[in-house]
Chemist: 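What follows is a single structure, and I will ask about it in a moment.
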Amino acid sequence: MTRFVLNSRIVQTDQPPGTILLDFIRLSSGLTGTKEACREGECGACTVLLGRPGPQGLVYRTVASCLLPLGDVQGCHVVTVEGLSEGPLTLVQEMILEHSASQCGFCTPGVVMSLTGFCLASKAFSFREALDALDGNLCRCTGYVAIRDAARALCERLEGVDPDPALRVATLVELGILPQGFLEAPSLVDGCQTPEAPGKAEAIKAVLVAGGTDIFVQRPEQLRKTNLEFLSRRQDLKFIRLEDGVLRVGGAVTVESFRLSEVVNRIFPTLRDDLLLHSSTILRNRATLTGNLVNASPVGDVTIILLALDATLEIRTPEGQTRRVRLAEFYRGYKQFDLAPGELITEIRIPEPAPGTRFNFEKVSNREILDIAAVNTAMRLVLAPDGTIQDLRLSAGGVAPVPLFITGLEGFRGRKPEGETLGLLARHVVEMVSPISDIRGSATYKKLLLGQLVRAHFSAEVLS
Ligand SMILES: Cc1cc2nc3c(=O)[nH]c(=O)nc-3n(C[C@H](O)[C@H](O)[C@H](O)COP(=O)(O)OP(=O)(O)OC[C@H]3O[C@@H](n4cnc5c(N)ncnc54)[C@H](O)[C@@H]3O)c2cc1C
Ligand code: FES
Ligand code: FES
């Protein structure tokens with residue numbers, strides 16, 4: 001049985017936990033305001049709000065309901081566009097209307113949910129955050145200008161509003177952005193019993209679902225009736241903390257939580273923008289770092305970043321033992337890696353960079369955002385006081401059957417990263433790779449591109 005709050009009522013269903021939430025919403029609940037288009041997380045038409053209980057109460061985030069298994073919303077509050085419309089139009093809807101930001105209307109419920117999600121999750125109600133929140137919503141009609149205008153007007157109305165997250169729901173109810181019903185959601189959610197986590201024997205046979213943004217694209221039908229274990233419910237795997245010179249990231253941390261984490265922003269300031277290039281808000285709110293690693297795509301953005309940062313994985317075996325593997329030694333061939341069935345990555349360990357360390361990430365894709373890279377690459381560099389290379393790590397994606405850690409860079413230590421040295425370095429990297437020609441570019445193009453991206457790692461902006 002799955003029990004959760006859908007808008008303002010508790011629902012209980014015995015449909016398989018692998019049922020897609022979008023189908024439950026539209027077909028079983030008759031809430032057709034949430035639209036279905038791509039069913040692959042690409043368009044945002046199916047965006048809903050998911051309120052998940054956390055240590056400080058319900059935390060609301062926008063998610064793509066077409067990739068969200070029903071079992072994963074057990075004990076949560078799911079809000080569709082109908083759940084916002086108890087009475088008059090909300091402020092977000094008013095802004096859309098006022099700025100003619102809806103034409104055929106197919107994308108509009110998703111846009112409304114994303115802007116409402118921005119109001120719930122934003123730190124400072126800035127226009128930039130509002131635009132970022134819309135990065136997963138495609139519109140074929142408006143040309144986006146009107147949608148931006150509506151977002152800007154919304155931000156203007158939010159100027160001076162208390163951003164305290166603890167007061168957020170009450171504040172937004174007062175502003176007419178959320179309906180009154182949200183105030184009762186916590187007690188309704190309390191009434192939805194959460195079943196016990198599966199025992200060890202059961203967990204061994206279960207397929208692990210983290211964000212589901214890979215496996216529910218790949219095999220939704222097969223997973224519908226499979227025994228699933230949902231890592232999003234594991235509070236013990238959601239930590240991010242710096243301890244004894246190691247950034248420790250739990251095995252169920254989402255890309256968006258990592259991107260916005262204060263400690264991550266402090267020690268890796270560029271990652272906040274770099275990770276905007278990973279999918280879109282409605283996916284990053286679900287997608288995890290570990291899911292990216294285990295998906296083992298040769299071009300996974302998180303994987304390429306973590307390779308350059310010298311991450312180590314902490315893995316728990318079904319017998320309860322713990323072992324560690326360096327990410328640089330994790331991949332063995334195309335989609336082959338050092339993880340046995342039943343093993344769980346509980347933690348990603350990233351060494352704190354030495355003072356003055358430079359980190360840079362480059363990604364080239366056909367579309368600037370919401371696209372898989374043709375080639376991506378990351379660099380971690382430590383310069384000696386005389387400006388020569390003291391330590392250098394490079395990774396490259398989309399150019400080999402595995403996410404590639406570039407070896408053989410020791411010879412570049414002691415040299416200044418300029419002129420001939422950069423030419424030699426780019427040639428060294430390009431000689432190590434063996435890309436294939438595919439929809440994202442020819443093998444020749446990818447090699448040339450990688451050479452240029454390696455040089456870009458050493459731009460004046462990065463080295464300054
Ligand atoms: C529209 C779209 C756009 C995308 N854009 C990008 C992009 O720009 N860049 C990019 O890199 N990726 C992108 N992706 C791919 C995907 O979002 C990422 O790979 C994501 O990080 C996967 O994480 P997840 O938590 O959703 O994985 P899931 O689908 O939940 O899991 C993937 C695999 O990892 C296993 N797994 C997960 N966690 C653990 C764990 N702790 N221990 C052991 N096994 C585990 C699962 O069992 C499963 O086999 C995109 C996907 C979509 C649908
Ligand atoms: S239907 Fe397109 S993102 Fe879900
Ligand atoms: S208004 Fe038609 S798709 Fe956006």
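Remember, it's 1-based here, ligands and their atoms both numbered in the order they're listed. Small disclaimer: the values here were computed from a predicted structure and weren't measured. We number each residue from 1, following the sequence as shown.
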Chemist: At a 4.0 Å threshold, what atoms of ligand 3 neighbour a non-hydrogen atom of Gly105?
Modeler: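 Ligand 3 atoms under the 4.0 Å threshold to Gly105: 1 (S), 2 (Fe).
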Chemist: Return the closest protein heavy atom for atom 1 (S) of ligand 2 as residue, atom name and distance.
Modeler: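 Ranked first by proximity to atom 1 (S) of ligand 2 is Arg39 N, 3.2 Å.
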Chemist: Counting from 1, what ligand 2 atoms have a heavy atom of Ala37 closer than 4.0 Å?
Modeler: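 Reading through ligand 2 atom by atom, the close ones are 1 (S).
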Chemist: Checking only N/O/S atoms, does Cys38 have one that is under 2.8 Å from atom 4 (Fe) of ligand 2?
Modeler: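 Checking Cys38: none of its N, O or S atoms is under 2.8 Å.
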Chemist: Need the ligand 2 atom indices (1-based, order shown) with element for anything under 4.0 Å from a heavy-atom of Cys46.
Modeler: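 Within the 4.0 Å cut-off of Cys46, ligand 2 contributes 1 (S), 3 (S), 4 (Fe).
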Chemist: Is it possible for you to check whether Arg233 lies under 6.0 Å from the centre of the six-membered ring of Phe230, through NZ or CZ, and within 45° of that ring's axis?
Modeler: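 Pair Arg233/Phe230 does not count as cation-pi.
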Chemist: Taking only heavy atoms of Lys363 into account, list the atoms of ligand 1 that are under 4.0 Å away from them.
Modeler: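 Those of ligand 1 that fall under 4.0 Å from Lys363 are 7 (C), 8 (O).
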Chemist: Under 4.0 Å between a side-chain nitrogen and a carboxylate oxygen: does that hold for Arg224 and Glu221?
Modeler: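 Answer for the salt bridge query: no.
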Chemist: Nearest 10°: the angle subtended at atom 2 (Fe) of ligand 3 by Cys104 SG and Cys141 SG?
Modeler: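 That angle is 100°.
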Chemist: How far is atom 22 (C) of ligand 1 from its nearest protein heavy atom, and which residue and atom is that?
Modeler: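 Protein heavy atom with the smallest distance to atom 22 (C) of ligand 1: Asp214 OD2, 3.1 Å.
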Chemist: Any donor-acceptor pair under 3.5 Å linking the side-chain atoms of Gln15 with those of Ser28?
Modeler: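 Yes.
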Chemist: Can you list the steps and then say if Tyr331 with Phe405 is a ring pair (Phe, Tyr, Trp, His ring centres under 6.0 Å)?
Modeler: CA-CA 10 Å; Tyr331 299 104; Phe405 173 61; over 10 Å; no
Chemist: If you count the atoms of ligand 2 from 1 in the order shown, which ones are under 4.0 Å from a heavy atom of Glu42?
Modeler: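 In order of number, 3 (S).
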Chemist: For Gly212, is at least one N or O under 3.5 Å away from an N or O on ligand 1?
Modeler: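 Looking only at distances, the answer is yes, because the N/O contact criterion of under 3.5 Å is met.
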Chemist: Quick check: are there more than 12 heavy atoms from other residues, nucleotides or ligands sitting under 6.0 Å from CZ of Arg148?
Modeler: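 Open.
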Chemist: Nearest 0.5 Å please: distance from the CZ atom of Arg241 over to the CD atom of Glu347.
Modeler: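 Between Arg241 CZ and Glu347 CD, I get 7.0 Å after rounding to 0.5 Å.
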Chemist: Under 4.0 Å, heavy atoms only, figure out whether ligand 1 is touched by the backbone of Thr346, its side chain, both or neither.
Modeler: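 Contact part for Thr346 vs ligand 1: neither.
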Chemist: Once you restrict to heavy atoms under 4.0 Å, what part of Thr288 touches ligand 1? Side chain, backbone, both or neither.
Modeler: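 Answer for Thr288: both.
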Chemist: Report yes if Asn292 has an N/O atom closer than 3.5 Å to an N/O atom of ligand 1; otherwise report no.
Modeler: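 Yes; at least one N/O pair falls below 3.5 Å.
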Chemist: So, Thr80 versus Asn7: side-chain donor-acceptor pair below 3.5 Å or not?
Modeler: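 Thr80 vs Asn7: donor-acceptor pair found between side chains.
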Chemist: Less than 4.0 angstrom from a charged side-chain N to a carboxylate O is my criterion; do Glu262 and Arg272 meet it?
Modeler: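 Looking at Glu262 and Arg272, the cut-off is not met.
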Chemist: For Phe216, is at least one N or O under 3.5 Å away from an N or O on ligand 1?
Modeler: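 No; the residue has no nitrogen or oxygen that sits under 3.5 Å from a nitrogen or oxygen of the ligand.
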Chemist: Count the heavy atoms of every other residue, nucleotide or ligand shown that sit under 6.0 Å from NZ of Lys335, and state whether that count exceeds 12.
Modeler: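 Counting other residues, nucleotides and ligands, NZ of Lys335 exceeds 12 neighbours.
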Chemist: Specify side chain, backbone, both or neither for Thr303, according to which of its non-hydrogen atoms lie closer than 4.0 Å to ligand 1.
Modeler: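 Neither part.
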Chemist: Is the shortest side-chain N to carboxylate O distance from Arg128 to Asp273 below 4.0 Å?
Modeler: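 Looking at Arg128 and Asp273, the cut-off is met.
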Chemist: Would Glu42 count as a polar contact of ligand 1, with the cut-off being nitrogen or oxygen pairs under 3.5 Å?
Modeler: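 Between Glu42 and ligand 1 (N or O atoms, distance only) the closest approach is not under 3.5 Å.
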Chemist: At less than 4.0 angstrom from any non-hydrogen atom of Gly41, what atoms of ligand 2 do you find?
Modeler: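 Within the 4.0 Å cut-off of Gly41, ligand 2 contributes 3 (S).
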Chemist: I'd like to check which ligand 1 atoms, numbered from 1 as shown, lie under 4.0 Å from a non-hydrogen atom of Val217.
Modeler: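 Close to Val217: 53 (C).
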Chemist: Starting from atom 17 (O) of ligand 1, locate the nearest protein heavy atom and write down its residue, its atom name and how far away it is, to 0.1 Å.
Modeler: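 Checked against all protein heavy atoms, atom 17 (O) of ligand 1 sits closest to Thr213 OG1, 2.8 Å.
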Chemist: Geometry only, no angles: is Glu40 polar-contacting ligand 1 at N/O separations under 3.5 Å?
Modeler: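 No, since none of the N or O atoms of Glu40 sits under 3.5 Å from an N or O of ligand 1.
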Chemist: Between Val207 and ligand 1, is there a nitrogen or oxygen pair with a distance under 3.5 Å?
Modeler: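 Val207 vs ligand 1: no N/O contact under 3.5 Å.
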Chemist: Between Arg284 and Asp135, does any side-chain N to carboxylate O distance fall below 4.0 Å?
Modeler: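 A salt bridge is present here (some side-chain N lies under 4.0 Å from a carboxylate O).
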Chemist: Do Thr108 and Ser102 have side-chain N/O donor and acceptor atoms under 3.5 Å apart?
Modeler: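 The answer is yes; a qualifying pair exists.
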Chemist: Under a 4.0 Å N-O cut-off, is there an ion pair linking Asp310 with Arg349?
Modeler: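 Result for this pair is no, no salt bridge flagged.
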Chemist: Would you say Ser279 and ligand 1 have an N/O pair spaced under 3.5 Å apart?
Modeler: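 Ser279 vs ligand 1: N/O contact under 3.5 Å present.
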Chemist: Need the ligand 1 atom indices (1-based, order shown) with element for anything under 4.0 Å from a heavy-atom of Leu277.
Modeler: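 Numbered from 1, ligand 1 contributes 8 (O).
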Chemist: List every atom of ligand 1 that sits less than 4.0 Å from any heavy atom of Gly300, numbering the atoms from 1 in the order shown and giving each element.
Modeler: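 The atoms of ligand 1 under 4.0 Å from a heavy atom of Gly300 are 11 (O).
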Chemist: Return the residue, atom name and 0.1 Å-rounded distance of the protein heavy atom closest to atom 45 (C) of ligand 1.
Modeler: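 Residue, atom and distance for the closest contact: Val294 CG2, 3.8 Å.
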Chemist: Just checking, is any N or O donor in the side chain of Thr254 or Arg286 under 3.5 Å from an acceptor N or O on the other one?
Modeler: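 Absent: no donor and acceptor within the cut-off.
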Chemist: Can you see whether Asn360 engages His457 through a side-chain donor-acceptor pair at a distance of less than 3.5 angstrom?
Modeler: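 Short answer, yes.
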Chemist: Any N/O of Ala210 closer than 3.5 Å to an N/O of ligand 1?
Modeler: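 Min N/O separation from ligand 1 is below 3.5 Å for Ala210.
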Chemist: Do me a favour and list the nearest non-hydrogen protein atom to atom 9 (N) of ligand 1 with residue, atom name and distance?
Modeler: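 It is Asp301 OD2, 2.7 Å.
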Chemist: Which bit of Arg367 is near ligand 1, meaning a heavy atom under 4.0 Å away: side chain, backbone, both or neither?
Modeler: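 The answer is neither.
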Chemist: In terms of residue, atom name and distance, what is the protein heavy atom nearest to atom 32 (C) of ligand 1?
Modeler: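 It is Gly291 O, 3.7 Å.
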Chemist: Which ligand 1 atoms does Leu344 reach within 4.0 Å, using its non-hydrogen atoms?
Modeler: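 This gives 40 (C), 41 (N), 42 (N) as the contact atoms.
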Chemist: Strictly by modelled atom types, are Ser126 and Glu129 linked by a side-chain donor-acceptor pair under 3.5 Å?
Modeler: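 Judged by distance alone, the side chains do pair up.
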Chemist: Measure the acute angle between the ring planes of Phe337 and Phe330, then classify it against the limits of 30° and 60° as parallel, tilted or perpendicular.
Modeler: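 Parallel: the ring planes of Phe337 and Phe330 meet at under 30°.
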Chemist: Can you sort out which atoms of ligand 1 are near Gly41, meaning under 4.0 Å from one of its heavy atoms?
Modeler: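 Once the distances to Gly41 are compared, the set is 1 (C).
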Chemist: When you measure from atom 3 (S) of ligand 3 to every protein heavy atom, which one gives the shortest distance, and what is it?
Modeler: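 Its nearest protein heavy-atom neighbour is Arg140 N, 3.2 Å.
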Chemist: Quick one: look up the protein heavy atom nearest atom 14 (N) of ligand 1 and list residue, atom name and how far away it is.
Modeler: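 Protein heavy atom at minimum distance: Ile372 CD1, 4.1 Å.
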Chemist: Is the closest basic N to carboxylate O distance between Arg234 and Glu229 below 4.0 Å?
Modeler: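 Between Glu229 and Arg234 there is a salt bridge, with a charged N closer than 4.0 Å to a carboxylate O.
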Chemist: Can a donor-acceptor pair be found, under 3.5 Å and without considering hydrogens, that links the side chain of Ser395 to the backbone of Ile304?
Modeler: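 Between the backbone of Ile304 and the side chain of Ser395 there is a qualifying donor-acceptor contact (under 3.5 Å).
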Chemist: Considering only the protein, which heavy-atom contact is closest to atom 41 (N) of ligand 1, and what is its distance?
Modeler: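 Nearest neighbour among protein heavy atoms for atom 41 (N) of ligand 1, to 0.1 Å: Ile345 O, 3.0 Å.
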Chemist: Are any of the N/O atoms on Ile215, whether in the backbone or the side chain, positioned under 3.5 angstrom from an N/O atom of ligand 1?
Modeler: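 N/O-N/O distance below 3.5 Å exists for this pair.
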Chemist: Check the side chains of Asp301 and Asn376 for a donor-acceptor pair under 3.5 angstrom, ignoring hydrogens and angles.
Modeler: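 Looking only at side-chain atoms, Asp301 and Asn376 do form a donor-acceptor pair, the distance falling under 3.5 Å.
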Chemist: Could you say whether the N/O atoms of Val209 and ligand 1 ever approach to under 3.5 Å?
Modeler: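 Not met; the criterion fails.
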Chemist: Does Cys43 put an N, O or S atom under 2.8 Å from atom 4 (Fe) of ligand 2?
Modeler: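 It does not: Cys43 brings no N, O or S atom closer than 2.8 Å to atom 4 (Fe) of ligand 2.
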Chemist: Give the residue, atom name and distance (to 0.1 Å) of the protein heavy atom nearest atom 52 (C) of ligand 1.
Modeler: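 Nearest neighbour among protein heavy atoms for atom 52 (C) of ligand 1, to 0.1 Å: Leu283 CD1, 3.7 Å.
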